[in-house]
Amino acid sequence: MRLMCVGDSMTIGGAGDFTWRYRLWHHLRRSGAEHTEFVGPRSVLHEGSQEYADPAFPAAARAHLAGWGEGWLHLSEVVGDAVREHRPDTLLISLGLIDLGFYTGAEQTAANARRFLDEARAARPEIRAVLLPVIPNVRADTDVLFAAECARFNGLLAELVAELTTERSPLVLTGRPAGYTLEHDTHDGTHPSESGEHRLAAAFADALHAAWSFGAPYAVPALPALAQPSARAA
């Protein structure tokens, strides 16, 4: 399977992070899917850093289509070319929070998600996708209107996945990562901590296994809250 991880700052990560992409790659190797390829036009962390927490993370496995501050709005412009050039058969998508926080409301964000999927399918009609709903960040704890927009978009995303999925090009919507909390699974109320990286990876790994018997279910390790933000300190 050729996987392309698509996302915003939660996916690209910053200097000193492992990233959920790394956690997923490591899990798939352990579960017998070692021939999986991670593909995409980019490989760096935020601000062009290559300082992954594990320097042994292979260069080829670092490939992705993610960007700090980029959402459906931005990546719908480039996904077609990325799919044509790098030929993923499955997209792992975590997008929407940055759109809702800075650029577009729920309805327009859903329209941009539709455009993204249309562009990906135009480039590869049989492409599959696993989509993660928006995980509201710390802003939603105090901004009820923003929390409502996040919930509204997640409902629209579920409708979009149900409408657009086909036998040739199936779409899978995951649930919120099991056990995910902002207190334990982020280091700043938005970006994943070490435990958050594991939980995000688990959401995608479990969806891949449930939908296509690919890989294996993900066992999230028990990590102490006091270890946060361990990904940056590791």
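Atoms considered below: every heavy atom in the structure, side chains included; atoms not considered: hydrogens, waters and symmetry mates.
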Peer 1: Report the residue from Phe214, Trp25, Trp20, Phe38 that forms a ring-ring contact (aromatic ring centres under 6.0 Å, His included) with Phe204.
Peer 2: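 That would be Trp20; it is the only one of Phe214, Trp25, Trp20, Phe38 passing the ring-ring contact (aromatic ring centres under 6.0 Å, His included) with Phe204.
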
Peer 1: Output yes when a side-chain donor or acceptor of Thr165 lies under 3.5 Å from a complementary backbone atom of Val161, and no otherwise.
Peer 2: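 The answer is no, because no donor-acceptor pair under 3.5 Å joins these two groups.
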
Peer 1: Counting only N and O atoms by type, is there a donor-acceptor contact under 3.5 Å from the side chain of Asp206 to the main-chain atoms of Tyr218?
Peer 2: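 Looks like yes, one N/O pair under 3.5 Å.
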
Peer 1: Is there a donor-acceptor contact under 3.5 Å from the side chain of Arg124 to the main chain of Arg87?
Peer 2: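 Checking the backbone N and O of Arg87 against the side chain of Arg124, a donor-acceptor pair under 3.5 Å is found.
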
Peer 1: Are Leu3 and Tyr22 connected in a single hydrophobic cluster, I mean Ile/Leu/Val/Met/Phe/Trp/Tyr linked by side-chain heavy atoms less than 4.5 Å apart?
Peer 2: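 Both belong to a single hydrophobic cluster.
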
Peer 1: Show me the donor-acceptor pairs within less than 3.5 Å that the side chains of residues 171-180 make with the rest of the protein, sequence neighbours left out.
Peer 2:
{"from": "Arg176", "atom 1": "NH2", "to": "Tyr180", "atom 2": "O", "distance (Å)": "3.4"}

Peer 1: If you compare all heavy atoms of Val130 against all heavy atoms of Ala207, which two are closest, and at what distance to 0.1 Å?
Peer 2: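 Closest heavy-atom pair between Val130 and Ala207: CG1-CB, 3.7 Å.
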
Peer 1: Looking only at atom types and distance, does a side-chain atom of Glu126 sit under 3.5 Å from a main-chain N or O of Arg168, one as donor and one as acceptor?
Peer 2: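 No.
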
Peer 1: Donor-acceptor check, side chain of Asp17 to backbone of Thr19, threshold 3.5 angstrom: yes or no?
Peer 2: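 A pair under 3.5 Å: no.
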
Peer 1: If you measure only the distance, is there a donor-acceptor pair under 3.5 Å linking the side chains of His46 and Ser9?
Peer 2: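 Result is no, nothing qualifies.
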
Peer 1: Got a donor-acceptor contact below 3.5 angstrom from the Asp99 side chain to the Thr104 backbone?
Peer 2: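 Not at all, since once roles are kept as given, no pair shorter than 3.5 Å links the two residues.
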
Peer 1: Below 4.5 Å, heavy atoms only, C-beta onward: do Glu107 and Arg152 meet side chain to side chain?
Peer 2: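 Answer yes - side chains close enough.
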
Peer 1: Hey, does Arg121 have a side-chain heavy atom less than 4.5 Å from the side chain of Thr166?
Peer 2: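 Yes, their side chains come closer than 4.5 Å.
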
Peer 1: Taking all atoms of both residues into account, what is the closest heavy-atom pair of Met10 and His191, and its distance?
Peer 2: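 Shortest heavy-atom contact: N-CD2, 4.2 Å.
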
Peer 1: Using salt bridge (Lys or Arg N to Asp or Glu O under 4.0 Å) as the criterion, list what pairs up with Glu70, not counting sequence neighbours.
Peer 2: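 Listed in chain order: Arg42.
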
Peer 1: Among Ile, Leu, Val, Met, Phe, Trp and Tyr joined by side-chain contacts under 4.5 Å, find the other residues sharing a cluster with Val138 and list them by chain and number.
Peer 2: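 Once heavy-atom contacts under 4.5 Å are chained together, Val138 still belongs with nothing else.
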
Peer 1: Atom CG in Asp89, atom CE in Met4: separation rounded to 0.5 Å?
Peer 2: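 If we round to the nearest 0.5 Å, Asp89:CG and Met4:CE are 10.5 Å apart.
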
Peer 1: For the hydrophobic clusters of this structure (ILVMFWY residues joined by side-chain heavy atoms under 4.5 Å, transitively), does one cluster hold both Leu91 and Leu157?
Peer 2: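 Result: yes, single cluster for both.
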
Peer 1: Measuring only between side-chain heavy atoms, which start at C-beta, is Leu65 closer than 4.5 Å to Val83?
Peer 2: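 The answer is no; the side chains never approach within 4.5 Å.
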
Peer 1: If you group Ile, Leu, Val, Met, Phe, Trp and Tyr by side-chain heavy-atom gaps below 4.5 Å, do Leu117 and Leu156 land in one group?
Peer 2: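 No: no chain of side-chain contacts under 4.5 Å links Leu117 to Leu156.
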
Peer 1: Considering only heavy atoms from C-beta outward, does the side chain of His198 approach that of Phe18 to under 4.5 Å?
Peer 2: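 Not touching, per the 4.5 Å side-chain cut-off.
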
Peer 1: Please name the pair of heavy atoms, one in Cys5 and one in Thr11, separated by the smallest distance, quoted to 0.1 Å.
Peer 2: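 The answer is CB-CG2, 4.3 Å.
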
Peer 1: Is the backbone of Leu182 close enough, under 3.5 Å, to the side chain of Thr186 for a donor and an acceptor to pair up by distance?
Peer 2: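 Yes, the answer is positive, given that a donor and an acceptor are paired below the 3.5 Å cut-off.
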
Peer 1: Can you find a pair of side-chain heavy atoms, one from His184 and one from Ser193, that are under 4.5 Å apart?
Peer 2: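 SC-SC contact between His184 and Ser193 ruled out.
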
Peer 1: Would the distance check show the side chain of His27 and the main-chain N or O of Ala216 forming a donor-acceptor pair, the cut-off being under 3.5 Å?
Peer 2: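 Yes; at least one donor-acceptor contact below 3.5 Å.
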
Peer 1: How many angstroms lie between atom CG of Asp185 and atom CZ of Arg199, to the nearest 0.5 angstrom?
Peer 2: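 So the CG of Asp185 and the CZ of Arg199 are separated by 4.5 Å.
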
Peer 1: To the nearest 0.5 Å, what is the distance between CH2 on Trp72 and OG1 on Thr109?
Peer 2: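 Between atom CH2 of Trp72 and atom OG1 of Thr109 there are 10.0 Å.
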
Peer 1: Which heavy atom of Ser76 sits nearest to which heavy atom of Leu73, and what is that distance?
Peer 2: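 Nearest heavy atoms, Ser76 then Leu73: OG-O, 3.2 Å.
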
Peer 1: Does Phe57 belong to the same Ile/Leu/Val/Met/Phe/Trp/Tyr cluster as Val44, with side-chain heavy atoms less than 4.5 Å apart forming each link?
Peer 2: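 They do not share one cluster, since no chain of ILVMFWY contacts under 4.5 Å joins Phe57 to Val44.
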
Peer 1: Could you walk me through whether Leu75 and Ile93 satisfy the side-chain contact (heavy atoms from CB on, under 4.5 Å) test, starting with their C-alpha distance in whole Å, then the side-chain angles of each, then the deciding distance to 0.1 Å, before giving a yes or no?
Peer 2: CA-CA 11 Å; Leu75 296 181; Ile93 307 171; over 6 Å; no

Peer 1: Nearest heavy-atom pair of Trp212 and Pro170: which atoms, and what distance?
Peer 2: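 Smallest interatomic distance, heavy atoms only, reads CZ2-CG, 3.9 Å.
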
Peer 1: So for atom CD, which belongs to Glu51, do other residues, nucleotides or ligands contribute more than 12 heavy atoms lying within a distance under 6.0 Å?
Peer 2: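 Result for CD/Glu51: open.
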
Peer 1: Indicate yes or no for a side-chain donor-acceptor contact from Arg21 to the backbone of His64 under 3.5 Å, with no hydrogens or angles considered.
Peer 2: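 No, the answer is negative, given that no donor and acceptor are paired below the 3.5 Å cut-off.
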
Peer 1: Run the ring-centre check on His74 versus Tyr103 and record whether the distance is less than 6.0 Å.
Peer 2: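 His74 vs Tyr103: aromatic centres under 6.0 Å.
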
Peer 1: For the CD atom of Gln50 and the CZ atom of Arg62, what is their distance to the nearest 0.5 Å?
Peer 2: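 Separation between the atoms: 5.0 Å.
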
Peer 1: Under a 4.5 Å cut-off applied to non-hydrogen side-chain atoms, are Arg128 and Met1 in contact?
Peer 2: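 Arg128 reaches Met1 side chain to side chain.
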
Peer 1: Less than 4.0 Å between a side-chain N and a carboxylate O, is that true for Asp81 and Arg84?
Peer 2: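 Answer for the salt bridge query: yes.
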
Peer 1: Go through the steps to decide whether Leu131 and Leu160 satisfy the test side-chain contact (heavy atoms from CB on, under 4.5 Å), and finish with yes or no.
Peer 2: CA-CA 11 Å; Leu131 299 94; Leu160 186 65; over 6 Å; no

Peer 1: Among Leu24, Ile135, Leu92, exactly one meets side-chain contact (heavy atoms from CB on, under 4.5 Å) together with Leu200. Which residue is that?
Peer 2: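 The passing option is Ile135.
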
Peer 1: Between Arg114 and Glu159, is there a side-chain N and carboxylate O pair less than 4.0 Å apart?
Peer 2: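 So Arg114 does not pair with Glu159 through a salt bridge.
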
Peer 1: Calculate, to the nearest 0.5 Å, the distance between atoms CZ and CG belonging to Phe146 and Leu100 respectively.
Peer 2: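 Reported to 0.5 Å precision, the distance equals 6.0 Å.
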
Peer 1: Is there side-chain contact between Arg115 and Glu77, with heavy atoms separated by less than 4.5 Å?
Peer 2: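 Yes - at least one pair of side-chain heavy atoms lies under 4.5 Å apart.
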
Peer 1: Please find the pair of heavy atoms, one from Gly215 and one from Ala33, that lie closest to each other, and give the distance.
Peer 2: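 In terms of heavy atoms, the two residues are closest at CA-CB, 4.5 Å.
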
